Each structure stands twice: as C-alpha cells, then as structure tokens.
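These notes are about the structure you will find just below.
Remember, it's a predicted structure, so these values are computed and weren't measured experimentally.
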Amino acid sequence: MAHLRAALIALHILAVLVLTLPSSRQMLQREVWDRASNQAAFAALADTFSWLGFESTEDFDSWLWRVATRYVHVRDTVSEPLVVYADLAGVRQGWAMFSRPRERPIQLHVDIADSLRYRPVYQTGSREYDFRSRTFRQYRFRKLTGRLARHFDPAWYDPWSKWIARQAADGYPDARSVRIRLYRHETLPASEVRAGEVSEGRFSDRRLYSAEKLR
C-alpha cells in the first residue's frame with residue numbers, strides 16, 4: 001500500500017510539473033508571431049544570442065520559429081496522457097499566465113454629477129479617486145476590464161457599466177447622473193517610461209445614467 005501511495009504521489013508531481021511547462025499555441029500563429037512588438041523582442045533577443053553565429057535577425061527568427069514549433073510539439077505529446085488525470089484531479093489551469101503584455105490597455109473612469117458638472121470618483125490606478133476600489137481592483141473585475149481592452153463587446157460592457165453606475169448612485173445619494181467611460185492608450189516602451197513620458201490616449205464608450213432611475 002505504501003508503494004502504491006508513493007507511486008501515485010510521484011505521478012501527481014510529474015503531471016503537475018509537465019503541465020506547468022509553458023506552451024502557447026496562440027503564439028505559433030504567424031499573424032501573432034509577426035506582430036511588431038514580438039518582432040522587436042526577437043530582434044533584441046537576436047543581439048543577445050549573436051554569439052551563436054546568426055548573421056541577421058531573419059536567420060534568428062527562422063531558427064527560433066523552428067525551436068518553438070518543435071518544443072510545443074514535444075510538450076503536447078508528453079503532456080497528452082496526463083491531461084485526463086489533471087482534469088480528474090482538478091489541477092489544470094485554464095488560462096495562460098504572463099502570455100504577453102497588454103499593449104493597448106484601458107482605464108475605467110467613473111464620474112458623478114451633483115448638478116451639471118461631472119467630477120471623478122474612481123479612476124483605474126488612482127489613489128485619489130478610489131471609490132469602491134476594493135471591488136473594482138478585485139482580480140475578476142480587472143480580468144473583465146482586460147478582456148474589454150482586447151475584444152470590446154457591448155453585450156458585456158453595457159450591463160457591466162450599468163452595474164458600476166448603480167454602485168456610484170448608491171454610494172453618492174446626492175448624485176443626479178453617473179458617467180462611465182473607458183480611457184484607451186498604448187503602452188510605452190520601458191525607455192520612454194523611465195524618461196518620464198506619459199502615453200496620451202482618448203476616451204471612448206461613454207455611457208450616461210440617471211442616478212434616480214438606478215436607485
């Protein structure tokens with residue numbers, strides 16, 4: 001019995017270790033691979049690996065594509081028998097961690113109007129405007145915000161923004177109107193951020209709600 005228990009523990013550890021090896025089939029799509037941000041990263045990596053004898057970035061790119069393709073094939077082949085066990089044991093992770101940085105993030109802005117003039121009560125990342133920040137900074141809430149940045153869908157956004165507006169209407173009894181907006185901008189390179197530059201974007205997807213009707 002002890003030997004069986006040890007074998008099962010070893011199988012479990014092996015399954016978890018193998019399934020935690022990184023794999024991204026999305027990355028192995030040419031349209032994703034050829035994105036400007038990815039190509040810039042590959043070019044920087046090529047300089048680091050120049051000692052391997054690559055004469056151009058194109059040579060390195062071709063070599064890296066072959067290595068990545070073979071790695072994913074081997075990884076999927078080895079992990080395939082373990083997937084069923086992982087599903088039964090509930091140890092699989094259904095999302096990719098740190099798959100790639102968000103190049104065009106959005107910030108949520110919540111404003112209320114006591115009379116005719118709007119004033120901010122919440123802004124993503126702001127310490128000054130942090131109404132219901134414990135809720136709005138919760139992981140699942142931020143996850144939905146990230147999805148809206150990548151794939152905007154009114155079917156998600158409209159009920160989501162209305163729910164947020166209702167929280168603001170309840171939190172500020174004197175508010176007459178609530179405005180929900182998204183601020184879209186591009187992520188700057190690290191060198192520009194270190195230099196103190198700020199990305200300029202634009203507001204979009206404005207929704208206005210009567211606070212009285214929300215209450």
Side-chain angles (χ1 to χ4, degrees), residues 1-106 108 124 134-157 159-160 163 184 186-187 189-190:
M1 194 66 179
H3 294 295
L4 178 60
R5 184 167 58 249
L8 291 175
I9 293 174
L11 172 64
H12 177 80
I13 294 174
L14 175 64
V16 171
L17 288 176
V18 170
L19 292 173
T20 54
L21 293 174
S23 176
S24 177
R25 288 193 170 275
Q26 181 184 12
M27 190 64 185
L28 292 180
Q29 298 174 11
R30 288 307 317 192
E31 61 270 21
V32 177
W33 187 274
D34 291 336
R35 285 176 181 167
S37 58
N38 291 330
Q39 287 299 310
F42 298 156
L45 196 60
D47 292 337
T48 303
F49 284 88
S50 60
W51 55 272
L52 290 176
F54 296 106
E55 297 181 357
S56 66
T57 302
E58 289 76 13
D59 292 339
F60 180 80
D61 182 271
S62 299
W63 173 81
L64 189 61
W65 174 265
R66 291 195 303 271
V67 170
T69 303
R70 292 172 184 171
Y71 163 77
V72 170
H73 174 72
V74 172
R75 191 264 186 196
D76 289 350
T77 300
V78 173
S79 64
E80 185 176 359
L82 303 172
V83 169
V84 175
Y85 167 76
D87 285 337
L88 292 174
V91 295
R92 291 195 68 187
Q93 181 167 292
W95 66 93
M97 294 185 66
F98 318 117
S99 55
R100 62 186 177 89
R102 193 173 301 154
E103 300 169 2
R104 295 176 179 83
I106 60 175
L108 171 65
T124 300
R134 184 174 180 178
T135 298
F136 297 160
R137 292 174 185 171
Q138 199 271 343
Y139 168 75
R140 292 295 182 184
F141 190 95
R142 292 187 288 109
K143 189 72 174 179
L144 179 56
T145 308
R147 288 187 177 181
L148 288 169
R150 291 189 294 271
H151 307 290
F152 182 82
D153 186 345
W156 294 353
Y157 181 65
W160 182 70
W163 180 86
R184 299 176 178 273
E186 294 192 5
T187 301

Q) Between NE2 of H3 and CZ of R5, what distance do you get to the nearest 0.5 Å? A) 10.5 Å

Q) Between atom CG of L108 and atom CZ of R137, what is the distance when rounded to the nearest 0.5 Å? A) 11.5 Å

Q | CA sep, side-chain torsions, deciding dist, call: I106, L148, side chain to side chain contact (heavy atoms under 4.5 Å, CB included) | A | CA-CA 8 Å; I106 60 175; L148 288 169; 4.0 Å; yes

(Q) Check the orientation of Y157 and F152. Use parallel for under 30°, tilted for 30 to 60°, and perpendicular for over 60°. (A) tilted

Q. According to the interplanar angle, ranging from 0 to 90°, do the rings of F141 and W160 count as parallel (below 30°), tilted (30 to 60°) or perpendicular (above 60°)?
A. tilted

Q | Flag side-chain contact, heavy atom, 4.5 Å: T145 against F136 | A | no

Q | Closest approach of A149 to R184 (non-hydrogen atoms, all atoms of both residues) | A | O-NH1, 4.1 Å

(Q) Is the ring pair Y85/H12 parallel, tilted or perpendicular, if the boundaries are 30 and 60 degrees? (A) perpendicular

Q: Tell me, please, which residues at least two apart from D34 pass salt bridge (Lys or Arg N to Asp or Glu O under 4.0 Å).
A: R30

Q | Contacts of type side-chain contact (heavy atoms from CB on, under 4.5 Å), residue R66, not counting sequence neighbours | A | S62, W63, R70

Q) If you take all heavy atoms of P159 and P154, which pair is closest and at what distance? A) CD-O, 3.9 Å

Q. What is the minimum heavy-atom distance between Q39 and D61, and which atoms define it?
A. NE2-OD2, 3.3 Å

Q: Kindly compute the distance separating CG (L144) from OH (Y139), expressed to the nearest 0.5 Å.
A: 11.5 Å

Q: Over all heavy atoms of both residues, which pair between A155 and D153 is shortest? Give the atoms and the distance, please.
A: N-OD1, 2.9 Å

**Q.** Spacing of L19 atom CG and L14 atom CG [to the nearest 0.5 Å]
**A.** 9.0 Å

Q: Report the distance from atom CD1 of I9 to atom CG of L4, rounding to the nearest 0.5 Å.
A: 10.0 Å

Q. Can you tell me how far CG of L82 sits from CG of D87, rounded to the nearest 0.5 angstrom?
A. 11.0 Å

Q) Among W33, F60, W65, whose ring-ring contact (aromatic ring centres under 6.0 Å, His included) with F42 holds? A) W33

